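Written below as structure tokens is the structure these notes are about.
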2 protein chains.
Amino acid sequence: MNEALRNPKMRMAVKMRANAAQKEATDIEKKGRKASKETRRLQLIEATIDSLAKRGYAETTLADVADGAGLSRGIVNFHFESKEKLLVATLQAMADEYANHWYTALEKAGPRPADQLWALVAADFDRRICTKRKLAAWCAFWGEAKSRPTYQALCGARDVKYQEMVIALCAALKAEGGYDYTAETMALSLSSMLEGLWLRLMMGDGLTREKAHEAAIEAIVAMFPKHIARNGPK
Amino acid sequence: MNEALRNPKMRMAVKMRANAAQKEATDIEKKGRKASKETRRLQLIEATIDSLAKRGYAETTLADVADGAGLSRGIVNFHFESKEKLLVATLQAMADEYANHWYTALEKAGPRPADQLWALVAADFDRRICTKRKLAAWCAFWGEAKSRPTYQALCGARDVKYQEMVIALCAALKAEGGYDYTAETMALSLSSMLEGLWLRLMMGDGLTREKAHEAAIEAIVAMFPKHIARNGPK
DNA sequence: ATATTTTGAATGAATATTCAGCAAGTATGT
DNA sequence: ACATACTTGCTGAATATTCATTCAAAATAT
């Protein structure tokens with residue numbers, strides 16, 4: 001750990017280039033103390049994601065989060081009561097962002113199921129969602145989810161509603177095109193593949209977002225040949 | 001933690017029904033004290049998997065492992081020098097078992113690519129490999145893998161050789177049947193889907209091994225319709 | 001002046017690691 | 001046979017470390 005950061009005089013410099021949240025936040029924020037509270041929370045959540053990505057769940061400490069945010073040691077317990085609550089808030093924020101993202105992507109896609117499926121897959125590999133940093137944080141939570149009900153509930157990022165949506169799309173395509181699988185089964189294969197690709201991306205290995213997206217497309221082309229081609233929905 | 005276990009007189013009873021490794025081991029080994037070094041190591045590795053599955057990576061303590069094995073607190077540092085080394089040995093053991101399993105499944109399948117692919121998929125959902133307990137342990141390691149090179153290297157359970165094998169099978173089927181995707185891309189979709197199904201199985205949600213296997217089959221039927229049907233290779 | 005936010009040292013709990021000693025077995029000498 | 005030293009596996013109390021949490025005091029904003 002960088003002990004220089006414990007010197008308050010050195011922190012100013014760090015704050016300037018701290019994390020992305022702060023930069024975004026300062027655009028919106030005035031000097032109002034109420035706004036400031038929410039801003040700090042976001043800043044700390046971003047620092048938590050950084051730490052999870054850099055050190056993994058087990059090695060993430062409040063000291064590291066505070067240092068990452070360019071703030072002092074006691075800060076987390078002031079804004080979130082406990083480490084546990086910070087982590088839950090972090091997961092919640094990621095889950096909200098994810099759900100929000102696929103939902104709006106779907107709305108933009110229009111009414112045709114093939115277009116919607118295409119958009120849903122594309123959303124998963126969008127720049128904003130699919131960063132190494134966030135994937136690593138997701139994976140850190142997945143690793144702990146089985147033994148923590150709170151995480152498990154939130155960790156269905158691709159949660160019940162997402163799964164229902166995929167099933168509905170598979171069912172719609174089946175009705176249109178006469179494929180002979182059951183919608184639930186194919187939806188499970190499909191969404192599992194997307195999750196698996198995330199996992200692989202996180203692991204590194206020179207796999208890029210573009211290549212992963214391509215693999216996902218190749219698979220849905222195979223699954224729905226009458227509706228989807230490599231270059232888009234038919 | 002069960003404090004009763006700290007009483008040595010209570011341990012005998014625990015030892016009798018401790019973990020699977022010991023049971024297997026007693027077939028080969030003598031009794032109690034004479035348990036060989038290798039046997040103890042296996043016993044502790046099994047207890048580690050139990051603890052990972054029950055409490056997750058972050059909450060797994062040496063005390064819990066020792067208790068699970070029905071042995072005393074200092075035992076792990078005696079047989080493996082450190083917690084870290086115990087965990088690496090555990091991951092190594094799981095990786096070896098996994099690699100061994102798919103490799104022999106492939107040998108039994110005979111020379112035809114379609115048969116081999118079918119066998120490879122079946123191997124992933126085999127009773128012996130695909131238990132809640134082991135999946136949970138895998139996932140615990142995945143969560144830490146990004147930040148630990150040692151884990152990362154071993155965590156490719158579906159490692160380089162596995163991936164090469166899947167690519168080779170996709171290429172062989174393509175050559176036989178004239179599908180028009182690239183083998184590497186389809187292999188990536190396929191193996192990611194298998195991993196994703198593991199992840200889902202681990203998360204619970206009432207998904208069974210059989211249902212997951214079914215979903216995998218449905219997908220390879222869609223990918224290789226000329227070679228594979230729901231009830232087996234053509 | 002008051003309220004809010006932040007700091008950083010102190011505290012205490014959890015837990016990995018160490019190690020001196022015990023016990024069970026094994027080899028050697030008588 | 002028996003005694004003696006030696007080896008190996010194991011124990012559990014003591015130690016050291018790491019880290020979340022607390023809080024009195026300082027800084028900052030209203």
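The chains referred to below are lettered A, B, ... by the order of the sequence lines, with proteins before strands, and numbering in each begins at 1. From a predicted model like this one, the values you see are computed outputs, not experimental measurements.
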Nearest whole angstrom, please: distance from the P of dG9(D) to the CG of Leu44(B).
13 Å
For His213(B) and Val121(B): C-alpha separation, side-chain torsions, deciding distance, then whether side chain to side chain contact (heavy atoms under 4.5 Å, CB included) applies.
CA-CA 8 Å; His213(B) 190 183; Val121(B) 170; 4.0 Å; yes
Sequence neighbours excluded, the answer for side chain to side chain contact (heavy atoms under 4.5 Å, CB included) partners of Thr131(A) is Arg133(A), Lys134(A)
Of residues 78-93 of chain A, the positions that come close to DNA chain C - non-hydrogen atoms, cut-off under 4.0 Å
Phe78(A), His79(A)
Side-chain N or O of Lys37(A) less than 4.0 angstrom from OP1 or OP2 on dT5(C)?
yes
To the nearest angstrom, how far is Leu62(B) atom CG from dC10(D) atom P?
16 Å
Nucleotide of dA20(D), dG12(D), dT7(C) approaching Ser72(B) most closely (side-chain heavy atoms):
dG12(D)
Under 3.5 Å, side-chain donor or acceptor atoms of residues 86-96 of chain B against the rest of the protein: list the pairs with distances, not counting sequence neighbours.
| residue | atom | partner | partner atom | Å |
| --- | --- | --- | --- | --- |
| Thr90(B) | OG1 | Leu86(B) | O | 2.8 |

Without decimals, in angstroms, what is the distance between Leu71(A) CG and dT5(C) C1'?
11 Å
With a sphere of 6.0 Å drawn around CD of Glu81(B), does it hold more than 12 non-hydrogen atoms of other residues, nucleotides or ligands?
no
Does the side chain of Leu199(A) come within less than 4.5 Å of Trp198(B)'s, by heavy atoms?
no
For Ile75(B) and dT11(D), give me the distance from atom CD1 to atom P, rounded to whole Å.
5 Å
I'd like to know whether Tyr57(A) forms a side chain to side chain contact (heavy atoms under 4.5 Å, CB included) with Thr60(A), so could you lay out the CA-CA distance, the side-chain angles of the two residues, the decisive distance to 0.1 Å, and finally the verdict.
CA-CA 5 Å; Tyr57(A) 185 98; Thr60(A) 286; 5.7 Å; no
Grab the CG-C1' distance between Asn77(B) and dT18(C) for me, whole Å please.
8 Å
CD of Glu38(B) versus C1' of dT8(D): gap in Å, rounded?
16 Å
Can you measure Arg73(B) atom CZ to dT17(C) atom P for me and round it to whole angstrom units?
15 Å
Looking only at side-chain N and O atoms, does Arg40(B) come under 4.0 Å of OP1 or OP2 in dC10(D)?
yes
